[in-house]
Amino acid sequence: MSDVARFPNATPQYYLGRLDAIRRLREELAATPTLALAGNALEGVGLPACVKSGNDAADKIAADLGFAVEKSGR
Ligand SMILES: Cc1cc2nc3c(=O)[nH]c(=O)nc-3n(C[C@H](O)[C@H](O)[C@H](O)COP(=O)(O)OP(=O)(O)OC[C@H]3O[C@@H](n4cnc5c(N)ncnc54)[C@H](O)[C@@H]3O)c2cc1C
């Protein structure tokens with residue numbers, strides 16, 4: 001007996017030039033405080049990269065709101 005579970009479109013398919021596009025998007029978003037990007041479509045699909053992008057996004061929003069952001073050893 002077998003069981004197949006499919007996750008359609010669950011993993012982004014990176015394309016050439018993606019990093020430049022993300023850099024431009026971040027530059028445009030710099031004009032919009034308290035808005036940040038996170039997730040597997042950005043700098044990596046693995047969980048460590050996703051956690052880092054979430055932490056970085058939270059730090060950006062906290063800093064935009066005027067909170068002192070302490071970087072722990074993460
Ligand atoms: C089957 C599978 C196995 C994997 N195994 C591994 C592994 O072993 N190790 C590893 O490092 N990585 C693994 N990955 C990759 C990793 O799990 C994902 O890249 C990562 O979880 C993506 O995190 P994310 O926060 O970007 O997206 P998600 O974890 O998909 O989070 C997005 C969230 O947004 C919510 N959401 C979506 N649309 C809306 C909306 N309109 N409004 C509100 N909420 C919304 C969703 O419900 C979801 O909770 C695996 C991925 C898959 C699919």
Side-chain angles (χ1 to χ4, degrees):
M1 180 166 160
S2 65
D3 186 14
V4 177
R6 299 189 192 282
F7 297 81
N9 302 320
T11 302
Q13 303 299 302
Y14 293 157
Y15 58 90
L16 202 60
R18 171 186 61 94
L19 293 176
D20 282 339
I22 292 169
R23 183 183 45 73
R24 285 196 304 275
L25 187 55
R26 286 196 193 286
E27 285 170 4
E28 288 178 25
L29 284 180
T32 311
T34 72
L35 181 63
L37 302 175
N40 63 2
L42 301 172
E43 281 94 9
V45 78
L47 286 173
C50 292
V51 169
K52 181 180 183 310
S53 82
N55 283 335
D56 289 348
D59 286 349
K60 178 198 179 292
I61 291 171
D64 288 346
L65 290 170
F67 293 102
V69 176
E70 270 186 42
K71 291 269 184 191
S72 62
R74 67 188 189 217

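The first residue in the sequence is number 1, and the count goes up from there. Counting starts at 1 for both ligands and their atoms, following the listed order. From a predicted model like this one, the values you see are computed outputs, not experimental measurements.
- With hydrogens left out, the protein atom closest to atom 23 (O) of ligand 1 is Cys50 SG, 3.7 Å, a heavy atom.
- Of all the atoms in ligand 1, the ones that sit under 4.0 Å from a non-hydrogen atom of Phe7 are 1 (C).
- The atoms of ligand 1 that sit less than 4.0 Å from any heavy atom of Gly39 are 26 (O).
- With a 4.5 Å cut-off on side-chain heavy atoms, Ser53 and Leu37 do not count as touching.
- For ligand 1, one of its N or O atoms has an N or O atom of Leu47 under 3.5 Å away.
- One finds no salt bridge joining Arg24 and Asp20 here, because no Lys/Arg side-chain nitrogen approaches an Asp/Glu carboxylate oxygen to under 4.0 Å.
- At a 3.5 angstrom cut-off on N or O pairs, Asn40 counts as close to ligand 1.
- Shown here, atom 21 (O) of ligand 1 is in close reach of the protein: a heavy atom of it lies under 4.0 Å off.
- Between Lys52 and Asp56, at least one side-chain N (NZ, or NE/NH1/NH2) sits under 4.0 Å from a carboxylate O, which counts as a salt bridge.
- For ligand 1, the polar-atom distance check against Val45 finds a nitrogen or oxygen pair separated by under 3.5 Å.
- Within ligand 1, counting atoms from 1 as listed, the ones closer than 4.0 Å to a heavy atom of Gly46 are 11 (O), 12 (N).
- Atom CD of residue Glu28 and atom CZ of residue Arg23 lie 10.5 Å apart, to the nearest 0.5 angstrom.
- Cluster membership for Leu35 and Ile22, using ILVMFWY side-chain heavy atoms within less than 4.5 angstrom, is shared.
- Atom 53 (C) of ligand 1 is flagged as protein-proximal [any protein heavy atom, distance under 4.0 Å].
- Taken together through direct or relayed side-chain contacts under 4.5 Å among Ile, Leu, Val, Met, Phe, Trp and Tyr, Ile61 and Leu29 form parts of separate hydrophobic clusters.
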